[in-house]
Amino acid sequence: MRLIIAEKPSLARAIADALPGSGQRLDGAIACGDTTVTWCLGHLLEQAAPEVYDPADKQWRLDRLPIVPGSWKLAPRSKARGQLAVIRKLIKQAREVVHAGDPDREGQLLVQEVIEYLNYRGPVSRLLISDLNRPAVGRALDKLKSNAEYQPLFQAAQARSRADWLYGINLTRAWTLTGRQAGFDGVLSVGRVQTPVLGLIVRRDNAIRDFRPYPFYPLRVDLQVAQGQLRAWWVPTERQPLDDQGRLIERAPADALAARLSGAEGRLGKLEQSEKRQNAPLPYSLSALQVDAARRFGLSAQTVLDVCQRLYEQHKLITYPRSDCRYLPEEHLPLAKKSLTGACQNDQTLAGWLAGADFSLRSKAWNDKQVGAHHALAPTGKPADFSALSNIDGQVFRLIVRNVMAQFYPPLRTFEVKAEFHLLNEAFRARGQSVLDPGWKPLFTTKEDAPPLPPLTQNEPCQALGAGVEEKETRPPEPFTDASLIKAMMNIGRYVEDAEVRRTLRDTDGLGTEATRAGIIETLVQRGYLVRKQKALRATRLGSALIAALPSAVSTPERTALWEQRLSAIAEQSDSAPAFQQALIEDLHGLLQQSDAGRLRSSLQTAQGEDATPAKRTSRARKSSSSTKSTARRKSPAKHRTSRKPS
């Protein structure tokens, strides 16, 4: 028999449907003639606990750190033993095994580690599927490759898994034990991804807390021009007292100029007029959907993920949701009208959008070169029974349909005007916008960014009708919300000063993955490091204290970028996994030496933040760290080899 091992049941079903004949359901598998398809349930295996290597490490002790396994071991996850037993039985009967993990780094690890754990020694082929449509799966089955070609990718993924274990286990134990010395009886969990995310929020909260507002004074002038009136704003020069954003911070100059402006005459000195075309927003990745749903409906990132899983698994209304891609396969374009027509049945709003779509249009969303392990979220075409959907499920479903529907609307066309008037040897600026063709915009909002200006001509005269000085006050940064934090994790390079590190973080999709970002936020809440106050995410005193006590290198995102550079090099065979691990061990020695009970005690006593009750230390917590318990996975194309499992 030929055994195909898929990454998850939905992929296994798609493969079985594309094989000849009718599949026979078995326990944990589907038999299709001489081929049997089985599946994993995410990671079936995890890095073994420290006490598996040495029973002495069951007890947490500082003098045992760092813990570094001499020979790495894997252990079955508690909830995966049944499916692992199914695969064990089937693999003994197999003459050939086909690895059908997702075509990314983590997908390579997930299935291959099972094959190796079960000591299979026969031939292994690689099946790469990025589109679950039956024709696409059939074509992939005709193009099997040797799994040996992907050994470097496996080595990079394995190196990441082991590195996260080393990092999380050792630093969590070190700071937890240091916490006990400082009088804190709880687990202080440290992870490569979760801790920099916490650091983002702590630093934002500190900036808000330390912010000292001050007033500034915009000056407006109402102008009469040849074909109407408009409002312009003074542009003070560097001769005036300005802040770093060019705002006037003393009122007297504005009042003096305003007193002279009434009746003053001038001219239009600079005029910029241009027609702009803006294409519709692309279909959603999971993170982009989480951002929009949080802003529009106030939903947490975890809630949006849960809704998507229901829409995908239970209702079968959308494609695979845990995707980091915002593009669709080109072969889906001819099917789009049918799938959108089906999706829009039974809903007045969707039907209205469908009526305005022009399916002769083709947007840049249909691009095979941009599609990786998965494509953007899209409706399957199954009509939705809105009576069976919750209100939130329906709202999220409409968003997903809308962003695909928008690809069949024309661009938004606007006419934008920027004008600079000169009066009394001072400059005053105005801008306006008029909509020439709303295109896709009514599907999203009808709000205009700036009202239109009257028709203007270069050098035309103007006269001031009146002027006034407004008093405004600077505002602190906004606290993070689910939406802004997800966006920050997607674009984490903005929070890094080093240009090369910024570039690496941009190329590797930031902190976390589509599948894990929501879980990271919830984990930080559950561990007492964050609380939700209305829509805001705020750090607790415990979260703030931990960041204050940790070395800055642990609470900033640069480490992720540096790891990704090494892991990409391993996948490209220009670096080695042992060298990467040895460098990490040397780094750990330096970090462990910085665990200081006095510093932690001081930070616990002086930290500011919200009140929260942290979870008490348990025997299970003592055995684990955040870096080894996440089952979620990195999603990015195999050719880019940039995926990682976060902690």
Can you see which heavy atom on [X] is nearest to which on [Y], and at what distance?
X: R126; Y: P103; answer: NH2-CA, 4.0 Å
X: A384; Y: N346; answer: O-ND2, 2.9 Å
X: F359; Y: K337; answer: CE2-CA, 3.5 Å
X: R322; Y: L286; answer: CA-CD2, 4.1 Å
X: Q83; Y: W39; answer: NE2-O, 2.9 Å
X: T38; Y: G28; answer: OG1-O, 2.8 Å

Full working for side chain to side chain contact (heavy atoms under 4.5 Å, CB included) between D164 and W563: CA-CA 10 Å; D164 273 338; W563 279 27; 3.2 Å; yes

Judged by atom type as modelled, is there a donor-acceptor pair below 3.5 Å linking the side chain of [X] to the main-chain atoms of [Y]?
X: S146; Y: A148; value: yes
X: T516; Y: G512; value: no
X: T523; Y: G519; value: yes
X: R326; Y: A376; value: no
X: S390; Y: D393; value: yes
X: Q290; Y: A301; value: yes
X: E46; Y: R77; value: no
X: H375; Y: L377; value: no
X: W440; Y: Q278; value: yes
X: R362; Y: W366; value: yes

So does [X] have more than 12 non-hydrogen atoms from other groups sitting under 6.0 Å from [atom1]?
X: R25; atom1: CZ; answer: no
X: K92; atom1: NZ; answer: no
X: D358; atom1: CG; answer: yes

We want to know whether [X] and [Y] form a side-chain donor-acceptor pair, criterion being a heavy-atom distance below 3.5 angstrom.
X: Y284; Y: R402; result: yes
X: T414; Y: E275; result: no
X: Q302; Y: E522; result: no
X: S10; Y: Y312; result: yes
X: E96; Y: S125; result: yes
X: Q112; Y: Q151; result: yes
X: H315; Y: D385; result: no
X: R398; Y: T349; result: no

Drop me the distance from [X]'s [atom1] to [Y]'s [atom2], to the nearest 0.5 angstrom.
X: L19; Y: R134; atom1: CG; atom2: CZ; answer: 9.0 Å
X: S363; Y: Q407; atom1: OG; atom2: CD; answer: 3.5 Å
X: L84; Y: C40; atom1: CG; atom2: SG; answer: 8.5 Å
X: F415; Y: D437; atom1: CZ; atom2: CG; answer: 15.5 Å
X: K364; Y: N279; atom1: NZ; atom2: CG; answer: 5.5 Å
X: I400; Y: C308; atom1: CD1; atom2: SG; answer: 4.5 Å

Salt-bridge present (E514, R517; N to O < 4.0 Å): yes

Ionic contact status for R160 with E564, cut-off 4.0 Å: no

Partners meeting salt bridge (Lys or Arg N to Asp or Glu O under 4.0 Å) with E113 (sequence neighbours left out): none

From CA spacing to verdict: side chain to side chain donor-acceptor pair (under 3.5 Å), Q108, N147: CA-CA 9 Å; Q108 187 65 35; N147 190 58; 2.9 Å; yes

K8 to Y320 six-membered ring, cation-pi geometry met (6.0 Å, 45°):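 Yes, cation above the ring, under 6.0 Å and within 45°.
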
Cationic tip of R566 above F580 ring, under 6.0 Å, 45° of axis: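 Ring-cation test returns no.
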
